[in-house]
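Down below is the structure, laid out as structure tokens.
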Amino acid sequence: MSAPVLAAYSYCEAVTGAQARNFAYGIRLLPTDKRNAMSALYAFSRRVDDIGDGVLEPAVKQVRLEETRALLDRVRAGTVDDDDTDPVAVALSDTARRFPLPLEGLDELIDGVLMDVRGETYETWDDLKVYCRCVAGAIGRLSLGVFGTQTGARSTERASEYADTLGLALQLTNILRDVREDAGNGRTYLPADDLAKFGCSAGFHGATPPEGSDFTGLIHFEVRRARALFAEGYRLLPLLDRRSGACVAAMAGIYRRLLDRIERDPLAVLRGRVSLPGHEKAYVAVRGLSGLDARHISRPHLWRRV
């Protein structure tokens, strides 16, 4: 690996460590080549997200996102040189040469962020799933391109499906955690028919739910949906090698515990961002590295208890 490529990966790892603590916690369990690859994927994804979340006018955001898609096209075509001035492009190009990445997943991510820029809302869960598959399911499938599957593992043909579903579980947990923050930014992700069912169509703009609503019922309903997605997505774990499985178990385990906290205290998401202390994240990482989650998931009668 050339010095410019090493420097590009170091840049991406610094971006990941500074801006994605939960993600960084998981990928530190990977061997160097896979950790580098995951950092490159994150740094590119972070760039896309930052454009969508920034203060630019929507028309300018759309131009920037299409410019980022053009950069992705260069990566896909293999025309990014090691000494290119964009370290993210250099690292992602090297990753694409080393691993069988479905790079169209990054096109889907850009499509999903364009949905944010256009201010799209979602009437039903089926509508929201389209968005979640773009911004999270696609990342699951890209990550699987880095992880690979174990030789001899059963049902590897469904690995991409499981990775996609696990991405949906993580994104729905994110949506629940960020309900108030998103409302403050003028965004509503939860399906309109769910909001109406629980009397929450007025939205979330303070530390208390809409008057007369069943906010707790809404959160518990969405938590059950997320748990079903986790149960399905966790079937990916036995298909991965030990360290890749540990990485996935650590990242997913952190979000699953966030979901536990939200379920215990639904109003917490209106008071501020729900998070886990460092010692609990460390426990999740050790549990993942031990293989406990993978062994647990491999027993079908225990899926519902995970």
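Side-chain atoms are counted along with the backbone in the values below, which use heavy atoms only and exclude waters and symmetry mates. The structure presented is a predicted model; accordingly, all values stated were derived computationally and were not measured.
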Original post:
Going from CG on D86 to CG on L71, what distance comes out if it is rounded to the nearest 0.5 angstrom?
Top reply: 5.5 Å
Original post:
Do the side chain of N185 and the main chain of R187 share a donor and acceptor less than 3.5 angstrom apart?
Top reply: no
Original post:
Would you call R97-D82 a salt bridge at under 4.0 Å N-O?
Top reply: yes
Original post:
Stepwise, does the side-chain contact (heavy atoms from CB on, under 4.5 Å) test hold for D182 with T188?
Top reply: CA-CA 7 Å; D182 288 334; T188 300; over 6 Å; no
Subject >> Contact summary for A169 and A226, nearest pair of heavy atoms >> reply: CB-O, 4.0 Å
Subject >> Distance-minimising heavy-atom pair for R235 and A231 >> reply: CG-O, 3.8 Å
Original post:
If only atom types and distance count, is the side chain of D178 paired as donor or acceptor with the main-chain N or O of E181 below 3.5 Å?
Top reply: no
Original post:
Between NZ of K197 and CG of D194, what distance do you get to the nearest 0.5 Å?
Top reply: 5.5 Å
Original post:
Is I262 linked to L267 within one hydrophobic cluster, defined over Ile, Leu, Val, Met, Phe, Trp and Tyr using a side-chain heavy-atom separation of less than 4.5 Å?
Top reply: yes
**OP:** Please determine if R74 and D81 form a salt bridge, counting it only when a charged side-chain N lies under 4.0 Å from a carboxylate O.
**Re:** no
Original post:
Quick one: are L142 and P102 in side-chain contact, heavy atoms under 4.5 Å?
Top reply: yes
**OP:** For residues L237 and Y162, determine if any side-chain heavy atom of one lies less than 4.5 Å from a side-chain heavy atom of the other.
**Re:** no
**OP:** Have a look at F215 and tell me which of F198, F204, F221 forms a ring-ring contact (aromatic ring centres under 6.0 Å, His included) with it.
**Re:** F204
Original post:
Do the non-hydrogen side-chain atoms of V90 and Y11 ever get within less than 4.5 Å of each other?
Top reply: no
Original post:
Closest approach of G52 and V117, non-hydrogen atoms and distance?
Top reply: CA-CG2, 4.3 Å
Original post:
Hey, what do you get for OG (S2) to CG (D94), rounding to the nearest 0.5 Å?
Top reply: 7.5 Å
Subject >> D33 and R98, any side-chain heavy atoms less than 4.5 Å apart >> reply: no
Original post:
Between D50 and R47, is the closest basic N to carboxylate O distance under 4.0 Å?
Top reply: no
Original post:
Looking only at heavy atoms, which two atoms of V135 and G112 are closest? And how far apart?
Top reply: CG1-CA, 3.8 Å
Original post:
Taking all non-hydrogen atoms of both residues, which atom of L29 and which atom of A250 are closest, and how far apart?
Top reply: CD1-CB, 3.9 Å
Subject >> Side-chain heavy atoms of L114 within contact of E120, under 4.5 Å >> reply: no
**OP:** Determine, stepwise, if the pair N36 / E13 fulfils side-chain contact (heavy atoms from CB on, under 4.5 Å).
**Re:** CA-CA 7 Å; N36 283 341; E13 193 160 7; 4.1 Å; yes
Subject >> side-chain contact (heavy atoms from CB on, under 4.5 Å) evaluation trace for Q19 with D49 >> reply: CA-CA 12 Å; Q19 300 192 40; D49 286 342; over 6 Å; no
**OP:** Mark yes or no for whether R271, through its side chain, and A207, through its backbone, hold a donor-acceptor pair below 3.5 Å.
**Re:** no
Original post:
Would you call S244 and K34 a side-chain contact if the rule is heavy atoms closer than 4.5 Å?
Top reply: yes
**OP:** Would you kindly say whether D127 and T124 are connected by a side-chain donor-acceptor distance under 3.5 Å?
**Re:** yes
Original post:
Aromatic rings Y122 and Y189: how do their planes relate, parallel, tilted or perpendicular, breaks at 30° and 60°?
Top reply: parallel
Original post:
Charged N to carboxylate O below 4.0 Å: is that the case for D260 and R257?
Top reply: no
Subject >> Side-chain donor or acceptor of R46 paired with backbone N/O of T16 under 3.5 Å >> reply: no
Original post:
Do the side chains of Y9 and T95 get nearer than 4.5 Å, heavy atoms only?
Top reply: yes
Subject >> Side chain Q150, main chain L239, donor-acceptor under 3.5 Å >> reply: no
Subject >> Test: E108 and R133 ion pair at under 4.0 Å >> reply: no
**OP:** Evaluate the criterion side-chain contact (heavy atoms from CB on, under 4.5 Å) for residue pair V15 and V88; output intermediate values, then yes/no.
**Re:** CA-CA 10 Å; V15 170; V88 176; 6.0 Å; no
**OP:** Can you measure from CD (Q171) to CG (L176) and round to the nearest 0.5 angstrom?
**Re:** 10.5 Å
**OP:** Answer yes or no: are there more than 12 heavy-atom neighbours, outside R64 itself, under 6.0 Å from its atom CZ?
**Re:** no
Original post:
With sequence neighbours left out, what residues match E263 under side-chain hydrogen bond (donor to acceptor under 3.5 Å, both in side chains)?
Top reply: R227
Subject >> Interatomic distance, S155 atom OG to L236 atom CG [nearest 0.5 angstrom] >> reply: 11.5 Å
**OP:** Run the salt-bridge test on R158 and E232 with the 4.0 Å N-O cut-off and return the result as yes or no.
**Re:** yes
**OP:** Could you grab the distance from atom CH2 of W125 to atom CG of L190, nearest 0.5 Å is fine?
**Re:** 9.5 Å
Original post:
What is the minimum heavy-atom distance between L106 and S45, and which atoms define it?
Top reply: CD2-OG, 3.9 Å
Subject >> Pairwise side-chain contact, F44 with V75, heavy-atom cut-off 4.5 Å (strictly under) >> reply: no
**OP:** Report yes or no: do V80 and M1 belong to one cluster of Ile/Leu/Val/Met/Phe/Trp/Tyr joined by side chain heavy-atom distances under 4.5 Å?
**Re:** yes
**OP:** Evaluate whether atom CZ of R118 has more than 12 neighbouring non-hydrogen atoms of other residues, nucleotides or ligands under 6.0 angstrom away.
**Re:** yes
Subject >> Residues, nucleotides or ligands: over 12 heavy atoms within 6.0 Å of E57 CD >> reply: no
Subject >> salt bridge (Lys or Arg N to Asp or Glu O under 4.0 Å) between D111 and R69, worked out >> reply: CA-CA 10 Å; D111 292 339; R69 198 190 301 273; 2.9 Å; yes
